[in-house]
Structures are given as C-alpha cells and as structure tokens.
Amino acid sequence: MRNITWSQAMNEAIAEEMRHDETVFIMGEDVAEAGTPFKVTSGLVEEFGTQRVLDTPISEPGFMGMAVGASLTGMRPIVDLMFGDFIYLIMDQLANQAAKQHYMSGGKLTVPLVVRTNMGATRRSAAQHSQSLQALVAHIPGIKVAMPSTPYEVKGLMKTAIRDNNPVVIFEDKLSYQMKGPVPEEEYFIPFGQANVISQGTDITLIGTSSMVQVCEEAALILAEKGISAEVIDVRTIAPLDEHTLVESVKKTGRAIVVDEGHQSFGVTSEIVARLNEQAFYYLDAPLTRMGAMDVPIPFSPALEDLTVPTAAGVADKAVKLVTGER
Amino acid sequence: MRNITWSQAMNEAIAEEMRHDETVFIMGEDVAEAGTPFKVTSGLVEEFGTQRVLDTPISEPGFMGMAVGASLTGMRPIVDLMFGDFIYLIMDQLANQAAKQHYMSGGKLTVPLVVRTNMGATRRSAAQHSQSLQALVAHIPGIKVAMPSTPYEVKGLMKTAIRDNNPVVIFEDKLSYQMKGPVPEEEYFIPFGQANVISQGTDITLIGTSSMVQVCEEAALILAEKGISAEVIDVRTIAPLDEHTLVESVKKTGRAIVVDEGHQSFGVTSEIVARLNEQAFYYLDAPLTRMGAMDVPIPFSPALEDLTVPTAAGVADKAVKLVTGER
Amino acid sequence: MTNLTTKDIPRLLQAYRQMVTIREFEDNANELYLTAKMPGLTHMYSGQEAVAVGICEALKSTDYITSTHRGHGHCVAKGANLKLMFCELLGKEEGYCRGKGGSMHIADQSNGNLGANAIVGGSAGIATGAALRSKMLGKDDVTVCFFGDGALGQGLLYEVMNMAALWSLPVIYACENNMYGEYTHVDEMAAGSLTARAEAFGIETHRVDGQDFVAVNALSEKLVARAREGEGPFFIVLDTYRYHGHHVGDVNRTYYRSKEEEQHWKTERDPILLLAEVLVSNEWATQQELDEFKAAIKKEAADAVSYALDAPYPDESEVDMHVFVD
Amino acid sequence: MTNLTTKDIPRLLQAYRQMVTIREFEDNANELYLTAKMPGLTHMYSGQEAVAVGICEALKSTDYITSTHRGHGHCVAKGANLKLMFCELLGKEEGYCRGKGGSMHIADQSNGNLGANAIVGGSAGIATGAALRSKMLGKDDVTVCFFGDGALGQGLLYEVMNMAALWSLPVIYACENNMYGEYTHVDEMAAGSLTARAEAFGIETHRVDGQDFVAVNALSEKLVARAREGEGPFFIVLDTYRYHGHHVGDVNRTYYRSKEEEQHWKTERDPILLLAEVLVSNEWATQQELDEFKAAIKKEAADAVSYALDAPYPDESEVDMHVFVD
Ligand SMILES: Cc1ncc(C[n+]2csc(CCOP(=O)(O)OP(=O)(O)O)c2C)c(N)n1
Ligand SMILES: Cc1ncc(C[n+]2csc(CCOP(=O)(O)OP(=O)(O)O)c2C)c(N)n1
Ligand SMILES: [Mg+2]
Ligand SMILES: [Mg+2]
C-alpha cells in the first residue's frame, strides 16, 4: 500500500467527498490559495473553485453560524478552524445552535456539518495555540467527536464525518500533518463508535486518543521488554464512545491506563475511567489510571512545555506500578 | 438566626463587598434599575449608582472582555451573566484571556473577577436556557468554580469569590432564587476547596453539587427509612475540589453516588468518580456510580423535561441496589 | 406613500387577516400563560404585526426566515398552522417540534421558517448561511433575518453582515426596533446610528414605519425582488412597539417606560387599526366585514387552543430520541 | 503637514532611536528563528515602526496599551527592556513572563503593556475594560488598543466600540492596516469602509499615513490629550506594511503579494528612512550621526541576544506555578 502524509490523506478525503456531492464545501481562513497555514487544503481551490473553497474573514463565530444555516438548508459545509483553541469562539454556534437543532425541532431539522480543527502541544505555540479541547465538545449532546491517530484514520473518519447527518468535530494533532502512513487507493470509510484494538495483551490495557495512541504503543514496547503484556486500544471517536470494546478489554486485563492530551481534570480520561469503573468494576485488579495534560495553561518555554504532556516513559512507568502492585 | 432568600443573600454579598472595596463593581444586562430579571440585584443601583452597577448592551463577549481588562488594571468586576447557557458566548474571553493571564505572564498579571451565572433545568425554559455548564469551566486551568446549595452558602462563597484574586465562576440554580434559609447577620466567608459533610453515614456516600445536594439529602431520608445509612456531602466548589473529604468518606462507606445536574458524559460526575476510583479503590465495595443530567438537549415539554434530571427517588433506588449488591 | 388601487384589495385583506391572526394568537397565548396552562415563559409579538406580515407577504414559502424569542408573529406570518403552533407552546407531541422546542424554538421547515432562537442575535449566522446556500446552488431564494434592536449588541451580526456584503448574499436583515431590549431603552444600548452599522459594510439600508403595513410591504417587495436578482444584502430598521411586557411576567413597567407611551402606540399607532382605516376609508371593506373577519379568526384561534389543550404529550420514550439523526 | 521646529529635535531623535531599536530587535529575532535558536513561531513588526512609536511616544508609562501577535514593536515602543524581551522570546526565566508567554504573550506591566495576544482581536475587550477602569476611578490614563486590519473581522470589536462610545471611554482603537491578514488582502476580508465601522457608533475616526512618524505622532498627541479630557473614544486607521511574511516561515509570498509591492514599500515608504530624511534635510542630524546611533543600537541588541542565549531556563518546578495567585 502506498504511504502518504496525514495532510494528503485529509486532502483526499475532502476532495473525494466534494467530487461525490456538490453540496459539500469548505470554508475558513486561508483555505483557498494558501491551502491553510499547514498546507492541508492545497489544490482544492484549483479543482473546485473559490465558490466551494471559500476564504473567509477572521470571523470564526460568523462563519460557523453560516455553516449552521447552510447545513440547515441542504448543504454539507466543512468548517476549517485553524486552531482548536478557537473553539471557544464558536462554542455558542456549535453548542447552542448546531448541536441542539435536531432535537429542538423534534427531528425535523438536521445540521450535517463538519468542523475540522486541531489540538496538541509541544510546538512552542504557547497557551492560546496548544490546547486540546475535545472534552468540552464531547460534553455537549448532539455533536460527534472524532480523534484520528494515523493518516489512514484521518481519511476514513473524515469521509464518515462528511457523510454523517449530524454535526461532527474532528480533531487532528498539529504534529501529525507530516506523519506518513499506509492509505489504500480504494475508497473506504471508518465507522464512528468503533475503537481499534491495535495490539492484544493480557496484563494491562492502554487506551489512547489521537497522538496519545502512539504514546501508548511506545509504552507497550517498553513494557514488552519488561515482560509486561499490554493491550493497546485507539479510541478513534470519543462521541460516540465504544464502551463495549474498552470494557471487554479491561475485563480481560484487569487494569487500564487512559491517555489523552486534553487537561486531565474534567477531561476525556475522567469519562472513560468513570465508564470503565461502572462496567468493569468487578474485574479490576488495580485502580483505573489516567494521564491527561497537566492542569496548567500550556507554557511557552521549551524547558517547561514537554513536562505538561503524557509521555511513553511516564505511561510505562505507571503501568509497571499497576501491574506489580507497587503504589 | 434570621431566614432570608437566596436572592437576598446574594444581594447582601455583593453589597457588602461593594461597601468594603471601591474597586468592586457589577456589570451585566439589566442589573441596575431592573435588578436583573430574577430581581437579585435590586437596590444596588440606588446605593452605589450607575457607575458601579452598570447596565450593558446585550454584548456578553464584549463586557466579559472589558471585565478582564478592568481586573487586569486593578478593579474587581462582577460579571452578571443572565443565563448560564451564555457561557458559550464568553468562553474565549473567559478561557483564553482571563484564565491564562496569570500563568502566561509568569505571575505578573492577575485577573480578580467573578462571573455570577446560573444553571438548572425544569423551568420549561428549553434547550438554550436550561443548561448546567460547570464542567466546561472546571476543565480550564486557572478558573475556580463555586456551586452553592443554600442561601448561607451563596453568600459565603460569593464573598470569598469577590476577594479571590483569580477568575471565579459561581453557578446558582435558577430554582433557588426564592429558597429561604438561615443566614447569619455577622460577616462570614466560606473557603473554597472545603466540601461540607452534611450528615454522617456508614453505608454509602451521596455526593452532590448545587441543588443536587437537596436531592441527595432527600434520598438519604428515603434510605434511612429503609435502614440504610447515607453520608451526604455538599461539594461546594468543584475547582478546587476537596478530594480529601470525599475520599475519606468513601473509604469509610465503601460506596458512593455522585450527583450533578450537568450532562453526565464528560461531566462533573466523571471527574469525581475518576478521582475516587484512584484514591479510594482498595476500599470500594461497589462500583462508583454517578448521575448527571441525561445526555440530551433539555426538552421543553413538561412531559419530558423532568425525566432528564436526577431525582431523589432515582438516587435512593440506585443506592439500595449498590448497598444490597443487586445489579 | 405608495399608491394603492383596487388591485391591492386581496393583498390587503390577506394582510389584515394575518395581522389579526397574530394578535389573536398572542392574546390566547397570554391567557394560557396567565391561567397557568402554558409552561415556561413567552414573549408576545402584539403590536409588531405589520413587520412580520409586511415582510413575509413579500416572500414565497420557499424563501427562508430566521426568527427570535419573540417569534410567534414571524411563524404565523410565514404560514404556520395555529393548531400545530399551540401544540408546540403547550409541549404537545403534535407541535411543530413535537413539544421539544416550545415557544422559543418553534420552527416550521415546511414554510421556510428556520426557527425561533433563544440566543439574542443567535440566528444572524444561520440566516446568512441560508443565503450563502442559495447563492452557491444558484437558487433565487431570499432569506430574511428578523432580530430586535437589542441584537445590535451582538458582534456576530457584524461578522456576518461583512460576509454577506463581501459575497453579495440574498439576505435581508430586518431589525425590529421596538425601542427596548428587556427593560432598557435602545438609546442606552446602541451608540451612534442604527442604520450606519450596516452601511459601514457597504450594505444598502432603509428605515421604515413598522406600524404601516403598506409601507413595510412595499419596501419589502422591492428589496426581495432585488435580492433575488443578486443585489443584496439589505438592512432595514423597522420602528415598532411591543404592547406587552418583555415577557409575559413583565407587568410593572413604569420604571422603564410610561403608561402614556404605551397608550399612544396602542391607540394612535396600532398596525391593525391603521390598515383597517386604509381599507374602510377607501371603501374596500366595511367595518362590519372586518369585524366578522375578526370573529372568524377568533373562533379559529379558540378552536386551535382547545385542540392543543386536549392533544397528547409526547411519550416518555421520546426523551432521548432526536439527539442524533441516523 | 505639521510644522516642526528645533524644539522637536529631541523628540524626533528619540523616535528615531525607538524605531531603529524595533527594526534591530526584529532582525535579531528573525535570525534567531532562522538559525533554530528560537522556538515556536513569531511575527515580525519590521516596516510598521512608525505606528507603534508614533503612538507610544504620545503616551505616558502609566497609560496602557494592548498588543497583538505582531507585538514586539509595541512592546519596545512602550519602553520595554531588550534583554528581558529576548529572554522571553527564548523561554528563559528572566523573560518578562518567566518564559511562559513567549513572543505571542509578551507583556510588560511595568510600562503599561497589558500584553500581546494570540487571539486576533482578543484584546479589544481588555483595552476597553482598562479604559473603563480609568473612567470609574477618575484617572486620566488613556488606553490604546492595537490591532490589525484582519481583526476587523472579529465581532468583539464592534461590541466594545459600542460600549466605549456609550460611556465615552478614554480608549483609542489603532487599526494597523498593513493590507493583509495572513495571506489575504484586506479588500477580500473587509467590505465597505474601514473607518465607517467605528463612525457607525458615533466614534470620531481618523486615517493617517502609518509610515510617517511625524504625522502619526502629531495626531496621537492630539487624540491622547483629548481622550484624557474625556472626549474619547477615537478610532484611527494607520496605513502601513509588514516587510516580512505573515510569520517567520512565510517565505514564498508571490501568490498573494508582488515583489514589486514589497520593494516599493521598503524603498519609498520606509518609516525609518523617512524620518532620517526629515532629520537630515533639516540639518538636525547628519547621516553619520544617525549611522553611529544605529551602530550603538545594533550593539545593544546584539548584547541583549547574547545575554538571553546564555540566560537560564526556568526550573522545572515552575511548570505548575502561577496557575492561581494566592
Ligand atoms: C445572548 C443573549 N443574551 C441575553 C438574553 C436575554 N434576553 C432575552 S430577550 C432580551 C432582549 C432582546 O431585545 P431585542 O433584541 O430588542 O428583542 P425584543 O425582546 O425587543 O423583541 C434579552 C436580553 C438572551 N436570550 N440571549
Ligand atoms: C481568532 C483568531 N483567528 C485566527 C487566528 C490566526 N491568525 C493569526 S494572525 C492572523 C492574521 C491577522 O491579521 P491582522 O489582524 O491584519 O494582523 P497582522 O498579522 O497583519 O499584523 C490570523 C488569521 C488567530 N490567531 N486568532
Ligand atoms: Mg427590542
Ligand atoms: Mg494585517
């Protein structure tokens, strides 16, 4: 299978869906000629024109609201939100307007739109350009939240997101745009709500989202060297959340560490731990453990920033303690 | 001790602090002559004038931003946000600007401001006027979140909030404004980060926030009749969270139900359960259980709305199952 | 003033009918609320009828509108059915939103009403997006965005007006200036000029007497036609007045507006009386005909209320339906 | 044009010094970035010096400013120390924010700089709130809110301008129109008139050549004085140009602006050359004096860089300090 970058995979997903359905369009800041600052949408405007690849002013609440209106009337907008940190700016339109329309209208109105945005620290981008805000969005009923971890996933999940008839937010780790990985030539979709068991194990389950999946995989390698068998699961979508796969794994291993790059408190890891506790309680050999980003604004200084994010070594360390029963 | 309403208690807290410190002021929609739609700030403009009781246009992001600027330069603004649902509108100013200033400036800038707002459903106010969004705010490092449950608490926590040098959001249940309760004549403050053990028990711990504390208390009465001894704890502030008191209680009882009116998934109950699981795991006799609002937008219809919120009967029911081991 | 001819009679009678229907709807809703038969809270449109009707009579049912918390008038004017509306206000299953939306979220997709909105200014983006869709698909639909003077405080409006102007979108921003946002006068909330706020973006603006159906409708017809041709966007300030309090519970109002002011609008500036006068003075209808008209509508509204009162609530199982569509 | 006299010489030399300092600061920052010594990303102010200096020279150190992602120029102009600035850009403990803020959040409370901001338009509320505080406490401080043409897209700005106008706040909105927001021309982002966007709220607006220190400063002196007297708010569009790319990595720019355009601004419209010409043509300074001046500043900047490169990083224990203040 050919290897392509994350950016190319995302680009293909958008282009294929725009070819497939004339109601699909993308809008955002510098998505056209500039192809976004991360060069993800390069080439789209040449193929689809400036009407369907729409450069907007710097008006996130405004164009998010317009996407809601366009989708209510039959379009399938993709909103390109340059940094995940700007989610705060579109929260009203996303949560009060998009998420609730279908329910408030008793099922009569639908809002098929996608917000593609990013997350992830360690780029020295400081507190307002480094946040991972997936938990905020997942808390709101009526929105789906995808968190791909590879080029393969970003393409498959994005295509599913665009065809979904509900509002979807897809978070990409900013560090992944240049990541390469195998992506089929043939069309494919990755369904929402199905976690991916990357590797089987018996001693502990490592559950990761987005780039934290790689952290879990690396931790599993470290653990393997120590004779500890870790099962690694990629959550893929946190809303809907594939509780079943996670619970079954933890019932088998009796232990789990949940890793996500959002702030730990009131975050994604809290929810997954709470559900595992409820569903797998009688199978647990050790407390469910979680590792999110530290509960601090992301610092700029290279001497500090990396300390705030979970690492493979840190995960492996905790895992060893859980498995050996050391506290 | 005299009994006064919640509204009066909040009113006194604001008035006392405005008398105490000339940098304290309140701004928001219809806070002056109208005294807010809930009549909470009535009389303040007569005492303090329109300069310190400031009616604003309907510009939540704008006046929230102005509060950040005023607090950075020495004032202590109280932002009156008429409905908690409008938090989405001020998220950028609250989370990107207020919450991070102290950290981003290496401790040089401070943002001593209070956002007073509300939460709570069952008023038939439908999906955009009924949300309980405390989890969103608590997820953001740098903001404190208070959730009073009585007139006594709202006064004591509000006074603490106003004197705090950090941004604080205080959530009041909309149904509580007319609730009466004992409030001392003398000045008092309720410290943040100290949960209140309302009643001692041995079989199970019921942990509540805001009006869910009353739900827990009622549930405890129902349980008492069935011979089950419940310990009831009022969390008071979710950020900071008094982990210690909660953990000690659960270590003693071995069981807990956490009740909060925000949506259950990715909510306040998730976080408390996750912490209890980590800290009290070896003392647990049953899965930690939580009850938040259903993960649905709040419906208008009286036939549906009440179903979305935890009730005393529901809590008692779950508690019985946990204590008797029935699944 | 527009020159009316006998050709206009059907149009004027239809408008009269619609305005009276709104008034009757609101009087019933108010009564339902005061007698504790209606849950929640609601905002009466009475007094502003010529705005909704004047504009919506210039639209086709395939054109879109977005509405506000004070939205019953827009809903009726855009063609909604009274029974389904009252069912919605009472939280009944047959309501436009199966009782899930209520007064503040009533929507009527079948007539292009994209919904009321409980966030002031919250529909400005939606309206502009609907207009974007028309342009993208090459349709000649027009979208009207209704909002109050208070919504001028919301930054979102300026963001989307800029984009509507940049991209020449077929949207009409209809600012219903009833002079108050809750309990505060517009002069205390809006600095400068209301119309200049849209002109700044190069948008053509108009200001019209919102109590005068004939004037509102004539202007709307013109602008809607031009918007269809791609000459939009437009911005209109419609000066009007709400007769009731901000919401049904707002009873003591003298601290923010005088009884005389209310009286003046109700007696001198009532849109229904003004249109009746046009009809009667031109001898296009007799007062008696109009009264009979009104009585029929009264009955229709009363029937709709009884229907809705008797209608069933949604089943409890609906509570977690419609969070997501398949 | 303003009539200059010999009395103005010290002021002009000081301005020259400040503008050259900014240019040197940026050239060093750029070099640090290109040689991978500086982490993150940064936005160069080079070309816009007359705006920051022209305005800040009209302010006292107790007056406030709010700044942007392109904020080094404002920071220097408001009196910051180069060493502490470079330390911040490199994430060092001695930096203005102990390395926690970096280029996009640099703040200098000691000189009234409330900070750069990585949210476009994000500081409009902060600036207006600082002005509210001045009015409330009866102080005569003025606050200047710097922002780019791109920030005109943010609704927040219109919300706070309305309140500033309603309450006559001592704030000056300084829109640095360098004609681009990232890779898009202002004409594609802003419909209508830039100044009308503030005039709509009844705010007095001005437009000035942002490359001409003398003009910017003269206007600023006047407006600051009037704002102190309670005649604010004001709004100024300053036409200017950024020499570098949007950020340090924006190297291939021809798809959005031509090399000729860049060349024209750099050679014909450079604010430092223009001020030098004033000084030299009036014989208030010789070119040699100015060159010596520049050399001294070059050295100062180079020293600050070496200092910062050698300075220690914050201790790891700082990572969870300053989330809350006691
Ligand atoms: C964003 C937001 N802020 C505040 C409110 C509370 N509120 C509801 S209606 C209203 C006044 C609106 O005034 P206007 O836009 O003039 O409409 P009118 O009520 O006069 O029809 C306010 C402040 C709200 N619903 N949404
Ligand atoms: C709210 C927000 N949207 C988008 C961005 C990304 N961004 C950073 S700078 C910039 C362009 C800003 O243009 P302008 O305001 O003209 O300032 P200039 O860069 O020209 O100084 C953009 C879009 C951001 N930082 N914040
Ligand atoms: Mg109004
Ligand atoms: Mg610019």
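Chain naming here is simple, since letters A, B, ... match the order of the sequence lines and numbering starts at 1 in each.
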| task | Give the member of His129(A), Glu305(A), Arg123(A), Glu33(A) that has the highest number of heavy-atom pairs under 4.5 Å with chain D. | result | His129(A)
| request: Kindly state each residue pair satisfying side-chain hydrogen bond (donor to acceptor under 3.5 Å, both in side chains) with at least one member in residues 58-71 of chain A, sequence neighbours excluded. | output: Glu60(A)-Gln154(D)
| note | Whatever's closer than 4.5 Å to a heavy atom in chain D on Tyr88(A) counts as neither
| Using non-hydrogen atoms only, which part of Leu89(D) is less than 4.5 Å away from chain A: side chain, backbone, both, or neither? | backbone
| field | Heavy-atom proximity to chain A below 4.5 Å, by part of Leu90(D) | value | backbone
| If you count heavy-atom pairs under 4.5 Å with chain A, which of Met321(D), Met104(D), His105(D) comes out on top? | His105(D)
| Donor on one side chain, acceptor on other, Glu176(D) and Thr240(D), under 3.5 Å | no
| What class does the angle between the rings of His69(D) and His43(D) fall in, given that below 30° is parallel, 30 to 60° is tilted and above 60° is perpendicular? | perpendicular
| request: May I ask you to decide if the ring planes of Phe38(A) and Phe83(A) are parallel, tilted or perpendicular, using 30° and 60° as cut-offs? | output: perpendicular
| Top residue by heavy-atom pair count (under 4.5 Å) with chain D, among Pro57(A), Ser301(A), Ala127(A), Pro297(A)? | Ser301(A)
| query | Among residues 310-317 of chain D, which ones touch chain A with a heavy-atom distance under 4.5 Å? | reply | Tyr313(D), Pro314(D), Asp315(D), Glu316(D)
| What option among Leu89(A), Val296(A), Asp295(A), Leu307(A) has the most heavy-atom pairs under 4.5 Å with chain D? | Leu307(A)
| request: Only pairs at least two apart or in different chains count here, so list each side-chain hydrogen bond (donor to acceptor under 3.5 Å, both in side chains) that has a residue in residues 39-56 of chain A. | output: Arg19(A)-Glu47(A)
| Pick from Gly99(D), Gly122(D), Cys97(D) with the largest number of heavy-atom pairs that fall under 4.5 Å of chain A | Gly99(D)
| message | Which atoms of Val120(D) are under 4.5 Å from chain A, going by heavy atoms: the side chain, the backbone, both sets, or neither? | response | side chain
| message | Is Tyr183(D) in contact with chain A via its backbone, its side chain, both, or neither, using a 4.5 Å heavy-atom distance? | response | both
| task | Could you tell me which residues in residues 62-69 of chain A have at least one non-hydrogen atom under 4.5 Å from a non-hydrogen atom of chain D, sorted by residue number? | result | none
